[in-house]
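Keep in mind that this is a model prediction, so the values were computed, not measured.
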Amino acid sequence: MTAVIYARYSSDNQREESIEGQIRECTAFAEKNGVTVLRHYIDRAFSAKTDNRPEFQNMVRDSGKRLFDMVIVWKLDRFARNRYDSARYKATLKKNGVKVVSATEVISEGAEGIILESVLEGYAEYYSADLSEKVVRGMTENALKCKYNGGTLPIGYTIDSEQYFQLEPLTAPFVLEAFKRYAAGATITEVRDWLNEKGVKNTRGQKMAYNSIQHMLKNRRYIGEYTYRDIFVPDGIPAIVPKELFDRVQDKTAKNKKAPARHKAEDDYILTTKLFCGYCGAYLCGESGTSHTGRVHHYYKCVSVKKKRTECHKRPVKKDWIEDVVVNETMKMVMDDKAIEAIVSMLMDLQDKENVNLPLYEQQLRETNTSIQNMLNAIQQGILTKSTKGRLEELETIKEELETKIACEKLEKPKVSAEFMTFWLHRFRKLDVREKTHRKMLIDTFINAIFLYDDKMIITFNYREGTNTITFDELKSALNGEKMGSDLDCLTAPCTPLRDALGGVLISKISTKHIRIFTCPQFRSTVRLEENQPGLFHLKGQSTRG
């Protein structure tokens, strides 16, 4: 029998020792009953009244792979405190050939075991509901007396020995001054910087952040209001901010919320962190400006030029134009069946290279099965000695160990099929490139880095998840024809027009990257591919102006 262990505790107040104790007793139960444990699924600070538990859901999904026969829990209430969820997921596990076993509750397999299990599950649900009622009742009594009920304590307040709110003499004046400054015209950023200069810390003992100030300016506790569920007490706690000042701040906050943003949101520039200057290697960041006609123009600008760090001469480029070029070229690659096949092939190779243990175990299992079959053939022919029997038992033990290792590897690193990868990549063909979210999804998935010159652009595509961005030095070395560990090899050189203004040269790295270079035809560049060695090509160009 093979099994997994599921452990859980409910709140942050409980400690990691709770998990360790559950694992220890479940492991002892497995060893006592000759069960092999493949892995552990652990949910920390998740209530069993809900099935919205990440590791619990992973365990249920993994049961469909039929790699284990049993789920061991410390007690049944670790699995669920809701009879509906318990019955539902036990039925799912049973369909997958998996049963739930309690390590500390003895439940027989017969009819009486069904009754006992139902009683235990019902008691767990009753205990949870009863505890919740008692907690709510106690907190309601505290609220009626305007006592502290837990949670994050606002800056400027402290709690006395009887759990009542009191003003904190050091920080309360800073809170009042922050409201006054904002009402007088200061921005949230200016208020934040002023508080940090004065050494005021947030509730976690860290520097004040923009969101901390926003939350502070909206907190109605500062005018003395106490609320809990449906309980509302107007002057339940000491006030720090006068009601008139608080209302003025809320009016200003509402007006600022409706006002145009001072800066264009970074998310609107979908090439941010992907677009680099081809001359100095710095980022190109989003910028906007207003013309004399009042029209707002958006573009990407080299950070070095913007901050005058170097004498980089890269000119800004229009946002819509460059984004359309990149999106259109990416969609061309996505629509190319050969490119998709190449991506899937590389991903499959990469997947096999990353999981070196599984092929080894599978090879050893095949060899072991062959040896067992040979031993059985020898026995059938009448060759049976003490060493034959001992060797056969040894092979059977090795086989069981290898099967367990293979099951563990498949659980830890599930292998994705080529058909699923192809299906997933084909879904990108249905994206609407006019939608901003779809454009961003396309860029984030496929684009590795873009190096932009005044007369050409180099796009590098990801062929695997998590690949590192190509560095500026790697790019220069590749274009200069230098051989290096991550050289950008040329595969083909088709030339296709783009917007009647650009010519294209396709270059791809055979192992992981896919690159497209655009050159301005006004230079009349002649591109020649020269073979240097098998599988490696270098790009050389000769300029013939005029």
Side-chain angles (χ1 to χ4, degrees), residues 1-7 23-42 55 58-73 90-103 107-110 344-421:
M1 296 284 285
T2 56
V4 296
I5 293 175
Y6 177 72
I23 296 294
R24 183 174 59 253
E25 295 203 33
C26 290
T27 303
F29 173 85
E31 292 175 353
K32 180 180 177 182
N33 292 276
V35 177
T36 303
V37 176
L38 300 181
R39 66 165 291 185
H40 303 156
Y41 294 89
I42 301 172
E55 284 297 284
N58 289 340
M59 177 192 69
V60 174
R61 278 194 296 271
D62 288 346
S63 70
K65 301 173 184 176
R66 300 181 181 273
L67 297 175
F68 54 89
D69 312 300
M70 184 187 299
V71 175
I72 304 175
V73 293
K90 281 182 179 178
T92 301
L93 292 173
K94 185 176 181 181
K95 185 175 68 174
N96 294 332
V98 179
K99 64 178 180 178
V100 180
V101 178
S102 171
I107 302 173
S108 65
E109 296 288 340
V344 172
S345 176
M346 292 176 186
L347 286 172
M348 293 299 293
D349 292 341
L350 179 65
Q351 188 172 233
D352 292 337
K353 290 177 183 176
E354 288 182 342
N355 193 346
V356 295
N357 293 329
L358 186 58
L360 176 63
Y361 294 152
E362 289 176 340
Q363 175 63 27
Q364 292 175 348
L365 181 61
R366 286 193 293 269
E367 294 173 354
T368 303
N369 285 330
T370 302
S371 299
I372 291 174
Q373 189 61 45
N374 292 339
M375 296 290 290
L376 293 175
N377 292 337
I379 292 172
Q380 287 178 347
Q381 295 174 11
I383 304 174
L384 180 61
T385 63
K386 290 183 179 180
S387 59
T388 305
K389 182 182 178 183
R391 178 56 179 164
L392 183 60
E393 290 177 350
E394 181 183 347
L395 289 172
E396 290 287 353
T397 302
I398 294 174
K399 178 182 177 181
E400 290 179 4
E401 291 176 354
L402 288 171
E403 287 175 342
T404 299
K405 289 179 179 179
I406 289 172
C408 290
E409 285 292 323
K410 287 182 177 179
L411 280 175
E412 291 293 334
K413 299 177 181 177
K415 188 170 183 178
V416 181
S417 66
E419 291 77 13
F420 179 81
M421 289 183 185

key: Distance, nearest 0.5 Å, that separates NZ of Lys94 from OG1 of Thr92   = 12.0 Å
ask   = Got a second to check how far Asn374's CG is from Ile379's CD1, nearest 0.5 Å?
value = 11.0 Å
key: Distance in Å, Cys26 SG paired with Tyr6 OH, rounded so as to fall on 0.5 Å steps   = 12.0 Å
Validation row: Asp62, Leu67 side chains within 4.5 angstrom (heavy atoms) = no
Contacts of type side chain to side chain donor-acceptor pair (under 3.5 Å), residue Arg61, not counting sequence neighbours = Asn58
Show me the donor-acceptor pairs, under 3.5 Å and distance only, between side chains in residues 391-403 and residues at least two apart or in other chains.
{"unit_1": "Arg391", "atom_1": "NH1", "unit_2": "Glu394", "atom_2": "OE2", "d": "3.2"}
{"unit_1": "Thr397", "atom_1": "OG1", "unit_2": "Glu393", "atom_2": "O", "d": "3.0"}

ask   = What are the two closest heavy atoms between Met70 and Ile72, and how far apart are they?
value = SD-CG1, 3.8 Å
note = What one should report as the nearest heavy-atom pair of Val71 and Phe68 is CG2-CE1, 4.0 Å
request  = Report the distance from atom OG of Ser102 to atom CD of Glu25, rounding to the nearest 0.5 Å.
outcome  = 9.5 Å
message = Walk me through whether Arg66 and Asn96 qualify under side chain to side chain contact (heavy atoms under 4.5 Å, CB included).
response = CA-CA 6 Å; Arg66 300 181 181 273; Asn96 294 332; 4.2 Å; yes
request  = Provide the closest heavy-atom pair for Ile23 versus Thr27 in the form atom of the first, atom of the second, distance.
outcome  = O-OG1, 2.7 Å
inquiry  = Nearest 0.5 angstrom please: Asn377 CG to Ile372 CD1, how far?
reply    = 12.0 Å
query = Short question: side chain of Asp69, backbone of Thr2 - any donor-acceptor pair under 3.5 Å?
reply = yes
ask   = In Å and rounded to the nearest 0.5 Å, what is the CD1 to CD distance from Ile42 to Glu55?
value = 8.0 Å
